Amino acid sequence: VPLPDFPATALTRDELELVAEVETFLRQELSGGGYEPSLTAATTMDPGFSAKLAARGWVGMALPRRFGGGARSAVDRFVVTEQLLRQGAPIGHHWVADRQTGPMLARFGTPIQQERFLPSIVRGETAFAVGISEPDSGSDVSSIRTSALPVAGGWIVNGAKTWTTNAHLSRWLVCLCRTAEGGEPRQGLSQLLVDLDSPGVTIRAIEFLDGHHEFNDVVLQDVFVPDELVLGRVGGGWEQIMSELVLERSSPDRWLSVYLLFEEFVRTMAPTDDRLLDLVGRTCAQWWAIRHLSLSVARMLDHGHLPATQSALVKDVGTRFEQHVVQQLTEVVRQAPSRDAESLLERLLAQASLFAPAFTIRGGTNQILHGILAKGLRA
Amino acid sequence: VTAAAEIGQAVDEIMRRHALGSGRPEPEVGGFSPDLWLVLRLAGFDRIGVPEPAGGSGGSLGDALAAVQVGGAHAAAVPWVETITAGRLLADAGGRLPDGITTWSAGPVTVDPVAGTASGTLRDVPWGQIADHVVITAPAESGGRVTLVNVRTAGRVLRRSVADEPHAHLQLDGAPATTVGLVPEPHIGIGLSTVLLASMVAGAAAKAATASIEYAWTRQQFGQPIARFQAVQQLLTEAAEGAVVARMTIDQAVAAADTLDLPVAAEMLALVCADAAAEVRAAAHQIHGAIGMTRELPLQRILRRLAAWEFRLRTADRWSMRLGERISRTGFDQLYDSVSRPLTAVPTGEGA
């Protein structure tokens, strides 16, 4: 049985310079009140902030130059994302496009689609939402029922997507649809780019545990999608989604969700007793290890690999660790966290307690990932 | 193929024939394999990573890490980590490894350099029960003085590890001691022995994980391999994750070996590999069910050593508390610097 390989890697001088550049930018932004650091950085939409990042070449930076991208590496993107997330910067507006839709368009899109979408992704303008889950299809993606039936010049889409992050603020939905009935459930799936301003689209807010709105139900009733907005191959949806999930699962947001909280804990508690110091030291060491796994995946992407097993592993290790951090802080803070507390630490802890259940669910529940891993680990 | 990989292969061949490993049928007697130690000696691997002028067989720290990692995967019951640590300390101080079994201890004892004697109690000396010599780097105020103590006539209190390794308290009462010289800083001993032991842990963890995964796909219950059960799949994942994390830290250390920041590497490897070992052990035992509670399971030779080595990593120093102290003293920037720090003292040229 071969264990999944995570080749050793370290940041180069150029990459370290990029780290410093992003740090400097964020320090200026923070001191100028450019943004409010938040635990929901990855889903907080701030088009103005995305535009600022885009002006520095930090959005769609790995996309080809002919579309305005920087043709930079996955590691460069990792470095920038890591800094933005750990400083709680609002990157939700370009997040999905930057992490997965941009790369998917670059890989599977038609020249016309690339011309149409990639330059605006690179400018940080166009926001995409991901339409995979449905009311009756959670972990079992192959069971989705939203249908797209061929008509003259395009497709008519009917169905419902759910848990759709920021659909209410995005222009486009990358919608996984069933385009052919019969046969294997994984066959006959296709990704369609649905304009959320189209007639027949209804979006309903779903409140998160803490009451904030980022999730939505998206109901699609006789929505027309022209042929030129099919992403990739008709019938190729399953393989496309699987490669997209590799990008989604290994990203730094899988292990930085509670970094701000922990930083605030260190800052305000100024631990001195052995128990707290032990907690800080061990947490830091685990973070160090997970970061290296995640960085190693980014380096593998740059070498042309699409490491599905490794990325599922990063997501499992990273998200379980994040929940463990919240649990441990809850034990040592010794104050029932109030959402109205004066202390930022308590407020963040209250918020994190309500978010933590999401860590091991988004991007595929960890229980399903264990199945993927177990099969990947078979002799 | 890298030098480290070639060394790993050569060591693997020796281990397959002579180590306790997971497959050898004969009963385990004591915690030391003299035959294996002799074969490693004859092949020149027992002192790998120790410069030749110091009585070693040459090679880098990276070579040594690669070699002992393979040893860990085969439950090598030999004083390997300690010999290499002692040898490198002696080399740095301008000395030479003596014949026989040489181990290392952090001390402290009182050394009388004029009389050439050492007195005091060395607690929990690894392989102390069978050691001929102990290399001591202590105390800090003496500026990293390296002393070679002959312990053949020392009093010994056996302190077997959970893997029966013959560790011991050594009572020195004017034992013959030679002051060899100075090393730049007195923590080299603990740093070296920790990264080497972490490498054995990584090897053992990988073997424990892969053997458990193979077992789960072979063992049938309810008419199917137990690996088909989702709850078991979670255990397989945990075993693999622990093993992968431990191995990644060693890969990082090997890649950085020539410019290794030893105190940082020891701290990170000890903390990460100890937790990884605990995760792998727990999963491996649960996957194996009842046989995993017994010595009938050949893998127990690895699992008990994994436990013994994990405990040593955890207790060798106040790793987590010192790291925690450093972070909370200097604030949150230090936190991210620590999370993202490389194991090298200098950044690498390219992202290989």
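Remember, predicted model here, so these are calculated numbers, not experimental data. Convention: sequence-line order gives letters A, B, ...; per-chain numbering from 1. Atom set for the values below is all heavy atoms of this structure, side chains included, hydrogens, waters and symmetry mates excluded.
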Of all heavy-atom pairs between [X] and [Y], which one has the smallest distance, and what is that distance?
X	Y	answer
B/Val272	A/Ala285	CG2-O, 3.4 Å
A/Gly281	B/Leu323	O-CD2, 3.4 Å
B/Thr210	A/Leu3	CG2-CG, 3.7 Å
B/Met268	A/Cys284	CE-SG, 4.4 Å
B/Met321	A/Asp278	CG-N, 3.9 Å
B/Ile213	A/Leu377	CG2-O, 3.3 Å

Relative to chain B, which segment of [X] carries a heavy atom at a distance below 4.5 Å: side chain, backbone, both, or neither?
X	answer
A/Leu256	side chain
A/Arg320	side chain
A/Asp302	neither
A/Arg291	side chain

For chain A, the option from [options] that forms the most heavy-atom pairs under 4.5 Å:
options	result
B/Ala209, B/Ala216, B/Gly324, B/Ser320	B/Ser320
B/Ser340, B/Ala253, B/Ala243, B/Ala240	B/Ser340
B/Asp251, B/Val244, B/Leu236	B/Val244
B/Met248, B/Glu241, B/Arg247	B/Glu241
B/Leu271, B/Thr249, B/Asp275	B/Asp275

Q. Is a side-chain donor or acceptor of B/Glu325 paired with a backbone partner of A/Thr272 at a separation under 3.5 angstrom?
A. no
Below 4.5 Å, heavy-atom pairs only: which of [options] has the largest tally toward chain B?
options	result
A/Val75, A/Asp274, A/Ile368	A/Asp274
A/Gly376, A/Ala312, A/Ser296, A/Pro271	A/Pro271
A/Glu264, A/Gln286, A/Gln310, A/His292	A/His292
A/Trp288, A/Phe6, A/Trp287	A/Trp288
A/Thr283, A/Leu295, A/Leu293	A/Leu293

(Q) For the CD atom on B/Gln286, are there more than 12 heavy atoms of other groups (residues, nucleotides or ligands in this structure) within a distance under 6.0 Å? (A) no
Between [Y] and [X], is there a side-chain heavy-atom distance shorter than 4.5 Å?
X	Y	result
B/Gln334	A/Val266	no
A/Glu263	B/Tyr336	no
A/Gln367	B/Gln234	yes
A/Leu373	B/Gln233	no

Q) Contact part of B/Leu343 toward chain A, heavy-atom cut-off under 4.5 Å: side chain, backbone, both or neither? A) side chain
**Q.** Part of B/Arg341 lying under 4.5 Å from any heavy atom of chain A
**A.** both
